[in-house]
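Presented below is the structure to which this report refers.
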There are 2 protein chains.
Amino acid sequence: MKRDSRLSGVLHVLLHMVEQGKPMTSEQLAKAMQTHPVVIRRILGGLRDAGFVHSEKGHGGGWTIARDLATITMHDVYKAIGRPSLMAMGNRTEAPGCLVEQAVNAALDTSFKEAEALLLARFGEVTLATLAADFHARMAARSLSPTTQEHIHG
Amino acid sequence: MKRDSRLSGVLHVLLHMVEQGKPMTSEQLAKAMQTHPVVIRRILGGLRDAGFVHSEKGHGGGWTIARDLATITMHDVYKAIGRPSLMAMGNRTEAPGCLVEQAVNAALDTSFKEAEALLLARFGEVTLATLAADFHARMAARSLSPTTQEHIHG
DNA sequence: AAATCACGCACTATTTAAAGTTACATGAAA
DNA sequence: TTTCATGTAACTTTAAATAGTGCGTGATTT
């Protein structure tokens, strides 16, 4: 399959929304992300259900952040998009009748579970506020005011 | 993409080779793994280059383990099959000009790298001997002698 | 020497899940 | 009532892994 970039994508979209300060349409976000508006709606749909963003139809509508950035962690976002699998590897067969495979699966699963736990713990330590702060630091390092629009793609 | 099961597969094949004690052909191994002989040759090719297994052509040929099981870790096997990517997720764009994306990528990469390091460290702690011992323990728990062929699939 | 066995490799097909796209319904604002 | 924007379902495309085909090469057996 393709490499899953939904988490990366949704975080990116959220930060662009934050920087904008006012509602952004799927089309605007899609342009910034160089993708399709429907992809944006799909990916933000989960966040809306989780209460992290709000969407409004019609004129002047679009997407806005619905909560304080400091209260949303990368782990929250990960859960909101449906907890996609983290590990690229899996077992050849689940529920194997073969004892050899059971032994192999057990060893691999133990390692994978530990790595996943660590990953999710790290995700839980980073909030959208953290990411926004990092972005602003990068802006400053580039000697541009955070109010300019130079961070928008294209 | 499909879920990568090469590591799981090759470990499985190796343990079956160990249990057999004499050379096994790609066809025999493929039958046990319910896959195609060419897949077996492909996956074992990397291990041969790394010196972990030996292959012989012609009558009585096939695959054998070339080293003491205790000297081969899951990490070694992982390296031998070409260090396939461990994380199912990636960044939407590598080398992003967008500072927002840079901030997001940096945060994700840090977490991914830590998780990968942990995973590889765990892989390095498990040898083929460990796995074989676990298999024999499972055999005993099932009250079968390890010399029977009941662990072979089908 | 000939037949057979088994790996080696290049090439093609299939599969799986994400990403992209199209089409249309719904609902809000001008 | 027209226009804008989301909501959703269905379909197409794409990336990466596995599966499969065909033929060449070398070793063993007879």
Side-chain angles (χ1 to χ4, degrees), chain A residues 1-10 12-13 17 20 22-49 53-64 66 78 81-94, chain B residues 1-10 12-13 17 20 22-49 53-64 66 78 81-94:
Chain A
M1 91 186 95
K2 267 184 185 171
R3 192 72 172 273
D4 187 341
S5 66
R6 279 177 290 179
L7 182 58
S8 168
V10 73
H12 191 167
V13 163
M17 276 173 54
Q20 193 66 12
K22 56 187 175 186
M24 288 187 80
T25 67
S26 311
E27 193 157 6
Q28 290 173 315
L29 291 168
K31 193 163 227 171
M33 304 276 298
Q34 309 188 73
T35 182
H36 207 274
V38 174
V39 175
I40 301 291
R41 289 184 207 136
R42 253 203 300 257
I43 203 168
L44 286 183
L47 294 223
R48 182 189 53 232
D49 297 344
V53 299
H54 176 71
S55 63
E56 198 73 46
K57 288 182 178 179
H59 279 278
W63 299 86
T64 44
Y78 168 74
I81 63 178
R83 301 172 180 271
S85 69
L86 296 167
M87 298 293 141
M89 299 200 197
N91 294 323
R92 235 177 38 85
T93 312
E94 300 301 334
Chain B
M1 93 189 78
K2 264 184 188 173
R3 194 70 169 273
D4 187 341
S5 66
R6 279 176 291 180
L7 182 58
S8 169
V10 74
H12 191 167
V13 163
M17 276 172 54
Q20 195 65 14
K22 55 188 175 185
M24 287 187 80
T25 68
S26 311
E27 193 157 6
Q28 291 173 315
L29 291 168
K31 194 162 227 172
M33 304 277 296
Q34 308 189 72
T35 183
H36 206 274
V38 174
V39 175
I40 301 291
R41 291 187 202 135
R42 253 202 299 262
I43 204 170
L44 287 183
L47 294 223
R48 181 189 53 230
D49 297 343
V53 298
H54 176 70
S55 64
E56 200 72 46
K57 288 183 179 179
H59 279 278
W63 300 87
T64 44
Y78 168 75
I81 63 177
R83 300 173 181 271
S85 68
L86 296 167
M87 298 293 140
M89 298 199 195
N91 295 323
R92 232 176 40 82
T93 313
E94 300 301 336

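Residue numbering restarts at 1 for every chain, and letters A, B, ... go by the order of the sequence lines. Basis for what follows: all heavy atoms, side chains included, without hydrogens, waters or symmetry-related copies.
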For B:I43 and B:R6 the tightest heavy-atom approach is CD1-O, 3.2 Å

Subject >> N or O in side chain of A:R6 less than 4.0 angstrom from C:dG20 OP1/OP2 >> reply: no

- Query: Between B:R3 (side chain) and A:M89 (backbone), is there a donor-acceptor pair under 3.5 Å?
  - Reply: yes

The residue, B:P84 or B:H36, whose nearest nucleotide of DNA chain D is more 5′ is B:P84

A:I40 and A:M33 have their tightest heavy-atom pair at CD1-CG, 4.2 Å

Which of C:dA19, D:dT6, C:dT22 is nearest the side chain of A:S26? It is D:dT6

With the side chain defined as heavy atoms from C-beta on, B:V38 is closest, among D:dA19, C:dC7, C:dC9, to C:dC9

Separation of C:dA18 atom P from B:R92 atom CZ, nearest Å, is 17 Å

Per atom distances to the A:S5 side chain, the nearest of C:dA19, C:dT22, D:dA19 is C:dA19

Requested in this report: Name the nucleic acid region contacted by B:G45, choosing base, sugar-phosphate or nothing; use a 4.0 angstrom heavy-atom cut-off, strictly under.
Outcome: nothing

After noting the C-alpha distance and the side-chain angles of B:L86 and B:Y78, does the key distance pass the side chain to side chain contact (heavy atoms under 4.5 Å, CB included) rule? CA-CA 10 Å; B:L86 296 167; B:Y78 168 75; 3.6 Å; yes

Looking only at C:dG8, C:dT22, D:dG20, the nucleotide nearest the B:S55 side chain is C:dG8

Given 3.5 Å as the limit, does a donor-acceptor pair link the side chain of B:S8 with the main chain of A:R92, or not? yes

In whole angstroms, the gap separating C1' of D:dG7 from CG of A:L47 amounts to 15 Å

Any side-chain N or O of A:R3 below 4.0 angstrom from OP1/OP2 of D:dA16?
no

Can you tabulate the close N/O pairs, meaning under 3.5 Å, that link protein atoms to atoms of nucleotides 26-30 of chain C?
from   : atom 1 : to    : atom 2 : distance (Å)
C:dT26 : O2     : A:K57 : NZ     : 3.2
C:dG27 : O4'    : A:K57 : NZ     : 3.3
C:dG27 : N2     : A:G58 : N      : 3.2

Between B:G61 and A:V39, the residue closer to the 5' end of DNA chain C by nearest nucleotide is B:G61

Atom CD1 of B:I43 and atom P of D:dA17 are separated, to the nearest Å, by 12 Å

Winner on side-chain proximity to A:K2, out of C:dC7, D:dT14, D:dT8, is D:dT14

Among D:dT18, D:dG7, C:dT21, the one nearest any side-chain atom of A:W63 is D:dG7

From the candidates D:dT18, C:dC7, C:dT21, the one with an atom nearest any side-chain atom of B:T25 is C:dC7

Margin query: For a quick check, tell me whether the side chain of A:R42 and the base of C:dG20 share a donor-acceptor pair closer than 3.5 Å.
Written below: yes

Quiz item: Is there a side-chain polar atom (N or O) of A:R41 under 4.0 Å from OP1 or OP2 of D:dG7?
Solution: no

